[in-house]
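Quick notes on the structure that follows.
To find a chain, count down the sequence lines: A is the first, B the second, and so on, and within it residues start at 1.
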2 protein chains.
Amino acid sequence: MATIKDVSKLAGVSVATVSRFLNKNGYVSKEAAQAITEVIEKLNYRPNNIARSLAGKKTATVALMVPDILNPFFPEIARAVEDAAHEIGYTVMLCNTDNDADKEAKYIETLIQKQIDGLIISSYTIKPEQVAKLQKHSIPVVLMDNALPGQDIISLLSDNREGGIAATKHLIAQGCKKIVHICGPMHITSSRERTLGYEDAYKKTGQFMPSLITYSDFTVKGGYDSMKGLLEAHPDLDGVFASNDLMAAGAVKALIERGITVPDDVKVIGFDGIHMEMMIPELSTIAQPIYEIGKTAMEYVVALINQEPMEKKSRLFDVELIEKQSTKKVSS
Amino acid sequence: MATIKDVSKLAGVSVATVSRFLNKNGYVSKEAAQAITEVIEKLNYRPNNIARSLAGKKTATVALMVPDILNPFFPEIARAVEDAAHEIGYTVMLCNTDNDADKEAKYIETLIQKQIDGLIISSYTIKPEQVAKLQKHSIPVVLMDNALPGQDIISLLSDNREGGIAATKHLIAQGCKKIVHICGPMHITSSRERTLGYEDAYKKTGQFMPSLITYSDFTVKGGYDSMKGLLEAHPDLDGVFASNDLMAAGAVKALIERGITVPDDVKVIGFDGIHMEMMIPELSTIAQPIYEIGKTAMEYVVALINQEPMEKKSRLFDVELIEKQSTKKVSS
DNA sequence: CACTATTGTGTAATCGGTTACATGTAATTT
DNA sequence: AAATTACATGTAACCGATTACACAATAGTG
């Protein structure tokens, strides 16, 4: 591997000049530039990023922390983040935390040692002290789809409350009279908000009862089990709002197994907008602008890394109702 | 951030001793060790990985190249690789190539500059010259679910041929008389093998015709479209073997849309064994030991990195038939 | 007891870059 | 013509570790 020294020697200039040339800062004469360009070409020289990083520059690496990349919501995030990162020459490290605080803590240690420039967290178990630790090492953090109350961290959230309202209103508009809700883990802010949205919207109809809500865990299995329970308690239900698409899918499964037709007998709507074209019927959902959020997360992280002046502000993204078959009005 | 120098000063020893202590090589007296331990604790010292890497050590980072993490097959791989990596203190960089040779080439440049220790490729478009480039930089490469003919690269494959046979035989055993096949991209080795397996097995029945095969692209949409075409050509088909689970899902969708019941009228089996619990009916499949393959890939890469003596050998993994509803025999 | 191994430690070079600073020349100002 | 300013380049310190080598003390051996 050729080094900057090799280049400087062959080009007949000093390493400083080569470095200036490479980084486009400071003065470099046309002749020197020409010579260096040629030598670089000839030696097929590539600057060593490790050395660069050590000399005080950044690593151009950010990490993405997710609970589990197997959960289809997170590949979408990963893809968005990776695309945005790649575009500006950054590289993404993938970290699965399994919602395990220990694993999380250990990972953060590793990431600090590896001198990542920034961290995008889309993990729900993240502890404030971990974030504090990162900040002590001046590693910028951006939270996606999560918020840490009372902390000075940028967090990018969808308007979950509004989404919960929109989902519920949509079911009402489609003619549902008795709408149940499968909600996600209560320690997740986004999840709570969605449920509050449902309550907001549904209470106005005067039909609300606490027993219409079941608490679940954002998994297909969880949605499936919850749906079974709800069917026992409310055989006359005709609308289901699940706090995420996976649970909605589980709910559909439970309904169909019981011989209940979706959307004819019961309409189902999810939340998130993950791609599940394989579902029959296809699922209506409240879609988050996941891609935009991911892209924004990268932009924010990079801005923080470069200490660009910015109003350090969290943001709320609009969600969008996507109507598919699962809530289609049946022409009677 | 405390450095090794700070530690050495405070502990009253030289940096060399501290380094020896940290790396557990060379002699360090009990007293020195004790003193160093205390100072490290006190200063909360963590060795700087960048500096370590520069000084000739490895980066403890591998990259994983996949076409698109949004395709549900790849999160499974990513998860396996990441788990195995994490266990041995390695970190994983995620690279989406979109099957774009340019993007791939650029990425490889970046990865070389970042001095990754090894690369696991599960991307189908990888070019031999790219691999050669990596090898020139002595970066070990392991191929997953793919092989590069005539190249000296370890590749980990499932027994796709055998899997294709097993899938077909299973459909036959379940009573299917006319079995069509939706095959994947022909430039993908694994895909071709699966199709060969189908042909092998089905030709024995004497029922085989080339028109039973449709060429598709490993997507849900592709499977859906192919199925439609096959239904036109062969209205009397009663078994479908799709070369991957996504296409199988698309096929199921097309069938159900046509009012055909799965598995009663037509049985469908896929390949890969990705998790799709949301499907109704759940999909029978030939499961690859994805997790094991991912783990093995990491083990191989690390062995290569450490230049451990090993018979540099590619491996073929056994696949497993997973029977679910989509091929259930209907009690008549 | 002299001689070799073993144990323990420190100095300084090295990895491959970046950059502050010194120095020198050419072009502008005043 | 003297004083600035802009341009161009090189020297050497530095980033934070690893490690070859030299040296010293202690233990073991014949």
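- Atom C1' of nucleotide D:dA22 and atom CZ of B:R20 are separated by 12 Å, given to the nearest angstrom.
- Distances shown here put every side-chain N or O of A:N48 at or beyond 4.0 Å from the OP1 or OP2 atom of C:dC15.
- In this structure, the CD atom of B:E31 is 13 Å from the C1' atom of D:dA25, given to the nearest Å.
- Scanning atom types as modelled, no donor and acceptor separated by under 3.5 angstrom connect the side chain of A:R46 and the base of C:dG16.
- OP1 and OP2 of C:dG17 both lie 4.0 Å or more from every side-chain N or O belonging to A:S19.
- Nearest to the side chain of B:S29, among C:dT9, C:dT18, C:dG17, sits C:dT9.
- The residue B:Y45 sits close only to the backbone: its heavy atoms come under 4.0 Å of sugar-phosphate atoms, none of a base.
- For A:S14 and A:S8, the side-chain atoms include no donor-acceptor pair closer than 3.5 Å.
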Legend entry - Trace of the side chain to side chain donor-acceptor pair (under 3.5 Å) decision for B:T61 with A:K114: CA-CA 10 Å; B:T61 300; A:K114 295 219 172 177; 3.2 Å; yes
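- As a whole-Å value, the separation of A:K5 NZ from D:dG10 P is 15 Å.
- If you take CG of A:L54 and P of C:dT14, they are 17 Å apart, rounded to a whole angstrom.
- Here C:dC15 presents its P atom at 19 Å from CZ of A:R52, a figure rounded to the nearest Å.
- B:I36 has its CD1 atom 13 Å from the P atom of D:dA17, to the nearest Å.
- The 5' end of DNA chain D is approached more closely, in terms of each residue's nearest nucleotide, by A:A32 than by the other of B:N25 and A:A32.
- Applying the 4.0 Å criterion to OP1 and OP2 of D:dT9, one finds that A:S14 has every side-chain N and O outside that range.
- As a whole-Å value, the separation of B:I50 CD1 from C:dT18 P is 14 Å.
- Within 4.0 Å (heavy atoms only), A:N49 reaches no atom of the nucleic acid at all.
- Closest contact between the side chain of A:V15 and the listed nucleotides D:dG10, D:dA12, D:dG16 involves D:dA12.
- In this structure, A:Y27 reaches the D:dC7 phosphate: one of its side-chain N or O atoms is under 4.0 Å from OP1 or OP2.
- Under the side-chain contact (heavy atoms from CB on, under 4.5 Å) rule, B:V7 has a single partner from B:L43, B:T17, B:V13, B:V15, which is B:L43.
- Counting to the nearest Å, the P atom of D:dT9 and the NZ atom of A:K9 are 19 Å from each other.
- Mapping B:A16 and A:M1 onto DNA chain C by nearest heavy atom places B:A16 at the nucleotide closer to the 5' end.
- Judged by distance alone, the side chains of A:N49 and A:S53 never bring a donor and an acceptor atom under 3.5 Å apart.
- Side-chain polar atoms of A:D145 and A:S190 form a donor-acceptor pair below 3.5 angstrom.
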